[in-house]
Undergrad: 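To start, I am sharing the structure in question, which I have written as structure tokens.
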Amino acid sequence: MSLLVAIYTSGDASLAVLLAFLSGCIQLALGLLKFGFLLDFISYPVIKAFTSAAAVTIGFSQVKNLLGLKDIPRQFILQVYETFHKLPTIRVGDAVLGFLCIAFLLALKFMKEHFPRVYRGMPRCYRLCYIIVWVTTTARNAIVVVAAGLVAYSFHVMGLHPFILTGKTAEGLPQFQLPPFSEKIDNRTVSFSEMVQDIGPGLFIIPLMGLLESVAIARAFASQNNYRIDTNQELLAIGLTNFLGSFLSAYPVTGSFGRTALNSQTGACTPAGGILTGFLVLFSLGYLTPLFYYIPKAALAAVIICAVAPMFDLSVCKTLWKVKKLDLLPFLVTFLLSFWEIQYGILLGILVSLVILCYSIARPKIKVIDPHGPTLMIMSGLSFPSVEYLRDTIHEKAFTDSLPPSVTLDFTHVNVLDYTVVMGLREIQHEFRSQGRTLLFSGLQPDIHQILLAADLKDFQHPLSVTTADLYIDGSVEPLLNNVPKASSELNH
């Protein structure tokens, strides 16, 4: 998000703050208008690929801090190359501290997962030990950071500097003020409309990417922890964050994979964790920023690596192969392209998923259940992309050398029908009549029956009225009494 904002604002802080305000307004509007359903098109394979790729990219981006390397680019491919290229220049102090922190975090995590649970009747001393272990293992990230900071401070007092430190952090909060709706550049006032024109397509791309990344991250951790998310509430939350943030000189934000993973690994289970985090951030900005100076970057890198590592999971590929091999395509597209840029991987993964979805709509499954007197059972609803495929299938089965006198379309499973399909069926029926043959329908649901009649296609009324039975998958026949006409001749037919 930071890189995208820098691209579309050319590094202009005023444009960045205005972009945060406009992005928040757009996202709030989408949430209030209940457009959250559009985000339901992010499929599970896309989410799993995104989380696995993000775990790799975020984890590897911390290797430079873990080893004390400098001048490492952000782009993943270049980052990998430069990291291995500069391995001879690693700082021993940072590397030792970083790996010790990782070992300590893994040991505490193992202890938390395998420590015996409290049970009724357990002696008080054991209960006290359990509480101490539980608090220690749950707060392991904070303990590591504080301990590493004390070690770094001790070396600093002795005049030694074996670690790269976080350094000076800005203190206090920015002033509350309106977003800049105009700015002065070289004694010239740039109007609001000109600022919007300077932002250009970023006005739509930034809000969209903010929503996509937030929802993808939320769904990734919701599925892992069996939580449920409301996409409309997610829209409102990210929109309100950007809207209010613009009054504090913030640029557009989105969900953070690393911080969300850290929050999840710490054990936060409710939104109250966000309230506590916000309070601690405000308290720290006001009173603790001088202490942040001594926190080694290697310790922070160890915490982030341990937080995101569990999110890397390629075992889902085995399940996708067994369930539906085609779902591997959006998974691989998202996973591989995310190493270029996360947002492009998500977008193209969603696009591939939509193509697969549209293909299944355009090519519905049609089952021939009676090869002697062709009955074509349509296994799903019919929409306009499927008209030509339906026509070709009917021609393939009906216009053969034997030329059966009639063909029946079983609509038992059809619950969706649009006008294009109705017109297509009418044309097919005219072809049958021109050859002295009949196209019949069975299993019509009442709403589908009404759709055909509401289209004012009188040619359909007689074929519909002669329908006498529903054909089921097990081969049984059940009279469709609502559609059976009283005339016995038609009933026999």
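Note that the numbering runs from 1 along the sequence shown for the chain.
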Undergrad: Take Ser380 and Lys365 through the side-chain contact (heavy atoms from CB on, under 4.5 Å) test and state the conclusion after the steps.
TA: CA-CA 7 Å; Ser380 63; Lys365 186 177 180 180; 6.0 Å; no

Undergrad: First locate atom CH2 of Trp321, then atom CG of Asp327, and finally report the distance between them rounded to the nearest 0.5 Å.
TA: 12.5 Å

Undergrad: Any donor-acceptor pair under 3.5 Å linking the side chain of Gln79 with the backbone of Arg74?
TA: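 Yes; judged by distance alone, with no hydrogens or angles, the pair exists.
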
Undergrad: Which donor-acceptor pairs under 3.5 Å do side chains of residues 274-292 form with protein atoms, sequence neighbours excluded?
TA:
{"unit_1": "Thr277", "atom_1": "OG1", "unit_2": "Gly273", "atom_2": "O", "d": "2.8"}
{"unit_1": "Ser284", "atom_1": "OG", "unit_2": "Leu280", "atom_2": "O", "d": "2.7"}

Undergrad: Let me see the working for Leu18 and Phe181 under side-chain contact (heavy atoms from CB on, under 4.5 Å), right down to the final yes or no.
TA: CA-CA 7 Å; Leu18 178 62; Phe181 295 105; 3.9 Å; yes

Undergrad: Not counting sequence neighbours, which residues clear side chain to side chain contact (heavy atoms under 4.5 Å, CB included) with Tyr294? List them please.
TA: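 Here the qualifying residues are Tyr153, His156, Leu165.
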
Undergrad: Heavy atoms only: give me the nearest Ala95-Leu67 pair and the separation to one decimal.
TA: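 The answer is CB-CD2, 4.0 Å.
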
Undergrad: Could you tell me which residues satisfy side chain to side chain donor-acceptor pair (under 3.5 Å) with Ser353, sequence neighbours excluded, listed by chain and number?
TA: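 Side chain to side chain donor-acceptor pair (under 3.5 Å) check on Ser353 returns Ser43.
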
Undergrad: Between Leu314 and Phe331, is any pair of side-chain heavy atoms under 4.5 Å apart?
TA: yes

Undergrad: Taking side chain as C-beta onward, heavy atoms only, is Ile305 less than 4.5 Å from Leu66?
TA: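 Of all side-chain heavy-atom pairs linking Leu66 with Ile305, at least one is under 4.5 Å.
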
Undergrad: With side chains defined as the heavy atoms from C-beta onward, is the minimum distance between Met1 and Val253 less than 4.5 Å?
TA: no

Undergrad: Here's a test for you: under side-chain contact (heavy atoms from CB on, under 4.5 Å), which of Leu329, Thr334, Leu332 qualifies with Val352?
TA: Leu329

Undergrad: Kindly give the heavy-atom pair with the smallest separation between Asn232 and Gly36, and that separation in Å.
TA: OD1-N, 2.8 Å

Undergrad: Would you sort out whether Leu178 and Phe247 count as a side-chain contact (heavy atoms from CB on, under 4.5 Å), showing the intermediate values?
TA: CA-CA 5 Å; Leu178 287 174; Phe247 289 87; 3.4 Å; yes

Undergrad: Test of understanding: with side chain to side chain contact (heavy atoms under 4.5 Å, CB included), list the residues that count as partners of Phe204, not counting sequence neighbours.
TA: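 So Phe204 forms no side chain to side chain contact (heavy atoms under 4.5 Å, CB included) with any residue.
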
Undergrad: List for me each residue that meets side chain to side chain contact (heavy atoms under 4.5 Å, CB included) alongside Leu417, sequence neighbours excluded, and say none if there are none.
TA: Leu382, Phe411, Val414, Val421, Val422, Ile448, Ile451, Leu452

Undergrad: In chain order, what residues pass the side chain to side chain contact (heavy atoms under 4.5 Å, CB included) check against Glu194, with sequence neighbours excluded?
TA: Arg188, Val190, Ser191

Undergrad: CG of Leu211 to CD1 of Ile206: how many Å apart, nearest 0.5 Å?
TA: 11.5 Å

Undergrad: Could you tell me which non-hydrogen atom of Ile350 sits nearest to which non-hydrogen atom of Ile42, and how far apart they are?
TA: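 What the structure gives for the nearest pair is CD1-CG1, 3.6 Å.
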
Undergrad: Check Ser23 against Pro207 and note the closest heavy-atom contact, atom names and distance.
TA: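 Heavy-atom minimum between the residues: OG-CG, 3.6 Å.
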
Undergrad: Is the count of non-hydrogen atoms from other residues, nucleotides or ligands lying under 6.0 Å from Tyr389 atom OH greater than 12?
TA: yes

Undergrad: Do any N or O atoms from the side chain of Asp94 and from the backbone of Lys297 form a donor-acceptor pair under 3.5 angstrom?
TA: no

Undergrad: Once rounded to the nearest 0.5 Å, what's the spacing between atom OG1 of Thr83 and atom NZ of Lys64?
TA: 7.5 Å

Undergrad: So, Thr57 side chain and Phe339 main chain: donor-acceptor pair closer than 3.5 Å or not?
TA: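 Here the side-chain-to-backbone pair does not exist.
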
Undergrad: Walk me through whether Tyr130 and Arg127 qualify under side-chain contact (heavy atoms from CB on, under 4.5 Å).
TA: CA-CA 5 Å; Tyr130 175 81; Arg127 287 176 177 269; 5.6 Å; no

Undergrad: Grab the two heavy atoms, one from Phe41 and one from Leu38, that are nearest each other, plus how far apart they are.
TA: CD1-O, 3.2 Å

Undergrad: Within the structure provided, determine whether Ile199 and Leu15 are in side-chain contact (heavy-atom separation under 4.5 Å).
TA: yes

Undergrad: So does Tyr251 have more than 12 non-hydrogen atoms from other groups sitting under 6.0 Å from OH?
TA: no

Undergrad: With Thr51, which residues qualify under side chain to side chain donor-acceptor pair (under 3.5 Å), at least two apart?
TA: none

Undergrad: Hey, can you pull the donor-acceptor pairs under 3.5 Å for the side chains in residues 98-111, sequence neighbours left out?
TA:
none

Undergrad: Only pairs at least two apart or in different chains count here, so list each salt bridge (Lys or Arg N to Asp or Glu O under 4.0 Å) that has a residue in residues 312-325.
TA: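 Of all non-adjacent pairs touching residues 312-325, those that pass salt bridge (Lys or Arg N to Asp or Glu O under 4.0 Å) are Lys48-Asp313.
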
Undergrad: Just wondering, more than 12 heavy atoms not from His85 lying within 6.0 Å of its NE2?
TA: no

Undergrad: Please list all pairs passing the side-chain hydrogen bond (donor to acceptor under 3.5 Å, both in side chains) test where one or both residues lie in residues 7-19, with sequence neighbours left out.
TA: Ser14-Glu183

Undergrad: Only counting residues at least two apart or in another chain, list the ones meeting side chain to side chain donor-acceptor pair (under 3.5 Å) with Ser338.
TA: none

Undergrad: With a 4.5 Å cut-off on side-chain heavy atoms, are Glu113 and Thr137 touching?
TA: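 When only atoms from C-beta onward are counted, Glu113 and Thr137 do not touch, as no gap falls below 4.5 Å.
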
Undergrad: Counting neighbours of CZ on Arg259 that are heavy atoms of other residues, nucleotides or ligands and sit closer than 6.0 Å, is the number greater than 12?
TA: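 No, the 6.0 Å shell around CZ holds no more than 12 heavy atoms from other groups.
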
Undergrad: Rounded at 0.5 Å granularity, tell me how far CD in Glu82 sits from CD in Gln75.
TA: 11.5 Å

Undergrad: Mind listing the closest non-hydrogen atom pair of Ser249 and Gln177 along with its distance?
TA: OG-NE2, 3.5 Å

Undergrad: Counting only N and O atoms by type, is there a donor-acceptor contact under 3.5 Å from the side chain of Ser360 to the main-chain atoms of Leu357?
TA: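 Yes, the answer is positive, given that a donor and an acceptor are paired below the 3.5 Å cut-off.
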
Undergrad: To the nearest 0.5 Å, how far apart are CG in Leu28 and CG in Leu236?
TA: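 Answer for the CG-CG pair, Leu28 versus Leu236, is 6.5 Å.
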
Undergrad: Within a reach of under 6.0 Å around CZ of Phe115, are more than 12 heavy atoms found that belong to other residues, nucleotides or ligands?
TA: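 Check passes, neighbour count above 12.
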
Undergrad: Is the side chain of Asp418 donor-acceptor paired with the backbone N or O of Phe384 at a distance under 3.5 Å, no angle test?
TA: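 Checking the backbone N and O of Phe384 against the side chain of Asp418, a donor-acceptor pair under 3.5 Å is found.
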
Undergrad: Check whether any side-chain heavy atom of Phe176 sits under 4.5 Å from a side-chain heavy atom of Leu248, and report yes or no.
TA: yes

Undergrad: What residues, two or more places apart in sequence or in another chain, satisfy side chain to side chain donor-acceptor pair (under 3.5 Å) together with Asp40?
TA: Arg219

Undergrad: For the residue pair Val144 and Val303, establish whether any side-chain heavy-atom pair is separated by less than 4.5 Å.
TA: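 Val144 reaches Val303 side chain to side chain.
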
Undergrad: Output the distance between atom CZ (Arg124) and atom CD1 (Ile131), rounded to the nearest 0.5 Å.
TA: 11.5 Å

